[in-house]
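Scroll down for the structure; my scribbles are underneath it.
Everything quoted here is computed from the prediction, not taken from an experiment. The figures here come from the full heavy-atom set of this structure, side chains too, leaving out hydrogens, waters and symmetry mates. Below, read A as the first sequence line, B as the second, and so on, with proteins coming before strands; counting in each chain starts at 1.
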Amino acid sequence: MGEFNDAVFEQVKRIPRGKVSTYGQIARLIGRPRSARYVGWALRTNDQPVVIPCHRVVFKDGKLAEGYIFGGDGVQRKLLQDEGVVFVDDDHVDMDACLWNPAEDGLPGRPADIDWTREMDEGSKGERA
DNA sequence: TGTATGACTAAGA
DNA sequence: ATCTTAGCCATAC
């Protein structure tokens with residue numbers, strides 16, 4: 001395994017029930033803002049249902065990954081809905097209401113006024129409008 | 001060893 | 001909304 005994978009799982013496990021995160025958001029949290037793609041790869045190689053709530057990780061636009069491995073089509077959506085996640089249609093989570101804000105759950109040293117819902121790249125990291 | 005390949009995302013067409 | 005391309009990590013062969 002590697003630090004990258006471990007860091008991914010560490011962050012995914014922090015996603016609270018009823019909320020979702022995105023691949024890109026996880027990537028930024030572990031300091032690899034350009035590696036969103038490999039977050040999915042990490043989860044792929046270690047699907048531990050329940051222990052690691054990877055069903056709470058979705059696309060930035062709220063869409064669910066198509067080739068979800070847990071059990072097939074619709075399973076991920078059902079899991080999320082059971083947790084209280086709201087869907088705007090069959091394939092899209094209501095990101096406006098359900099996107100997890102990492103700065104909200106007592107993370108030390110992280111200003112609460114950073115807008116984590118916005119994409120950031122290396123250059124603008126930590127800056128606010 | 002080297003290469004191919006993915007549960008992504010932003011930007012441009 | 002859909003399609004392409006670049007970016008860049010861990011694995012499988």
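Rounded to an integer number of Å, the gap from A:Asp61 CG to B:dA7 P is 16 Å. The nearest whole Å value for the distance from the CZ atom in A:Arg28 to the P atom in B:dC8 is 15 Å. One atom, CG of A:Leu43, and another, C1' of B:dC8, lie 11 Å apart when rounded to the nearest Å. Rounded to an integer number of Å, the gap from A:Asn5 CG to B:dA7 C1' is 13 Å. Here C:dT2 presents its C1' atom at 10 Å from NZ of A:Lys63, a figure rounded to the nearest Å. Taking atom CD of A:Gln11 as the reference point, atom P of C:dC9 lies 17 Å away to the nearest angstrom. If you measure from atom CG of A:Leu29 to atom P of B:dC8, you get 18 Å, rounded to the nearest angstrom. The separation between A:Asp89 atom CG and C:dA1 atom P is 9 Å, rounded to whole Å.
With a 4.5 Å cut-off on side-chain heavy atoms, A:Val39 and A:Arg32 do not count as touching. Contact check for A:Gln76 versus A:Leu80: side-chain heavy atoms found under the 4.5 Å cut-off.
In this structure, A:Asp96 places its CG atom where only 12 or fewer heavy-atom neighbours from other residues, nucleotides or ligands lie under 6.0 Å away.
Here the nucleotide nearest the side chain of A:Thr22, chosen from B:dT9, C:dT11, C:dC9, is B:dT9. Counting only heavy atoms from C-beta on, A:Phe4 has its side chain closest to C:dA10 among B:dA7, B:dT9, C:dA10. Nearest to the side chain of A:Arg32, among C:dT11, B:dC8, C:dC9, sits C:dC9. Which of B:dC8, C:dC9, B:dA10 sits closest to the side chain of A:Ala36 comes down to B:dC8. Proximity note for A:Ser35 (side chain, C-beta onward) versus C:dC9, B:dC8, C:dA10: the nearest is C:dC9.
Using C1' as the reference atom, C:dT11 and B:dT9 are 22 Å apart when rounded to the nearest Å.
Between the base of B:dG6 and the side chain of A:Arg37 there is a donor-acceptor pair shorter than 3.5 Å. With hydrogens and angles ignored, no donor-acceptor pair closer than 3.5 Å exists between the side chain of A:Trp41 and the base of B:dA7.
Put simply, the residue from A:Ile26, A:Leu43, A:Val51, A:Ile30 that forms a side chain to side chain contact (heavy atoms under 4.5 Å, CB included) with A:Phe9 is A:Leu43.
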Derivation of the side-chain contact (heavy atoms from CB on, under 4.5 Å) call for A:Val58 and A:Lys63: CA-CA 6 Å; A:Val58 302; A:Lys63 195 176 178 184; over 6 Å; no
